*Asks:* 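Just passing along the structure, written as structure tokens.
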Amino acid sequence: MYTEDDFIMISALQHYIFCPRQCGLIHVDDVWQDNLFTVRGEILHEKVDTDTYETRGDVKTVRGLRIHSYKYGLVGRCDVVEFKNTLNGKEVFPVEFKAGQPKEDMSDKVQLCAQVLCLEEMLNTHISKAAFFYGKIRRRNIVIIDEELRKQTITVIQSVREIVDNKKIPKAEYSAKCGNCSLINICQPKAMNKRRLQNYIKELYSV
Ligand code: SF4
């Protein structure tokens with residue numbers, strides 16, 4: 001069990017999947033820089049994260065619910081959680097809002113699954129599905145929270161822990177995704193690669 005001092009933000013998991021170095025820069029070095037993608041996401045979340053709730057029929061909708069897990073050492077916030085009364089008890093259904101469209105990598109699904117792990121611990125329940133609402137296509141996509149996704153999420157949590165607990169920021173690896181990274185000017189991945197190459201050549205001829 002972790003204490004609140006050890007909690008890591010759920011967003012760190014997405015940052016790790018995008019790039020382990022980005023995760024280290026943000027969650028160890030406290031570096032942040034906005035770009036078009038981060039601003040778009042923030043605008044959408046400002047509209048959703050209002051700390052309110054409403055009840056329609058048998059569904060209570062809570063917005064901006066703060067969540068945590070002592071088991072996994074996580075803290076974060078759900079955009080929307082729907083609580084529905086069913087014959088089998090209360091059904092808990094988180095919905096995460098995204099500005100764009102479904103991503104090819106697992107980062108969004110891992111974020112959603114981490115929210116589920118927190119809600120299950122807090123509410124002592126089991127959640128089998130959740131959803132994304134994508135702003136661009138204006139549609140809900142259901143995600144099944146199966147064993148495979150749970151395992152992947154726990155593996156990512158452990159990898160993030162290694163970076164954050166050891167305060168060790170991974171080295172830059174320049175790739176196509178650097179062009180979409182808000183930290184490119186701080187990270188300078190091309191310069192890092194060049195420096196590494198220079199060191200390698202220096203080592204090669206120093207014998
Ligand atoms: S610029 Fe590239 S290597 Fe650096 S943090 Fe961003 S994605 Fe990672």
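Ligands are counted one by one from 1 in listed order, and the atoms in each one are counted from 1 as well. Quick caveat, the model's predicted, so the values are computed rather than measured.
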*Asks:* Under 4.0 Å between a side-chain nitrogen and a carboxylate oxygen: does that hold for Glu120 and Arg150?
*Replies:*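 Counted as a salt bridge, because a side-chain N and a carboxylate O are separated by less than 4.0 Å.
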
*Asks:* Salt bridge between Glu82 and Arg140, side-chain N to carboxylate O under 4.0 Å?
*Replies:*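 A salt bridge links Glu82 with Arg140.
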
*Asks:* Is Lys98 salt-bridged to Asp108, going by a charged N under 4.0 Å from an acidic O?
*Replies:*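 The answer is yes: the pair qualifies as a salt bridge.
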
*Asks:* Hey, is Arg63 close enough to Glu54 for a salt bridge, meaning N to O under 4.0 Å?
*Replies:* yes

*Asks:* Using side chain to side chain contact (heavy atoms under 4.5 Å, CB included) as the criterion, list what pairs up with Ser107, not counting sequence neighbours.
*Replies:*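 Checked Ser107 against side chain to side chain contact (heavy atoms under 4.5 Å, CB included); matches are Gln14, Ile17, Lys103, Asp105.
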
*Asks:* Taking the six-membered ring for Trp, is the centroid-to-centroid distance between Phe133 and Phe97 below 6.0 Å?
*Replies:*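 Ring centroids of Phe133 and Phe97 are less than 6.0 Å from each other.
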
*Asks:* Take atom 2 (Fe) of ligand 1 and tell me which protein N, O or S atoms are nearer than 2.8 Å.
*Replies:* Cys178 SG

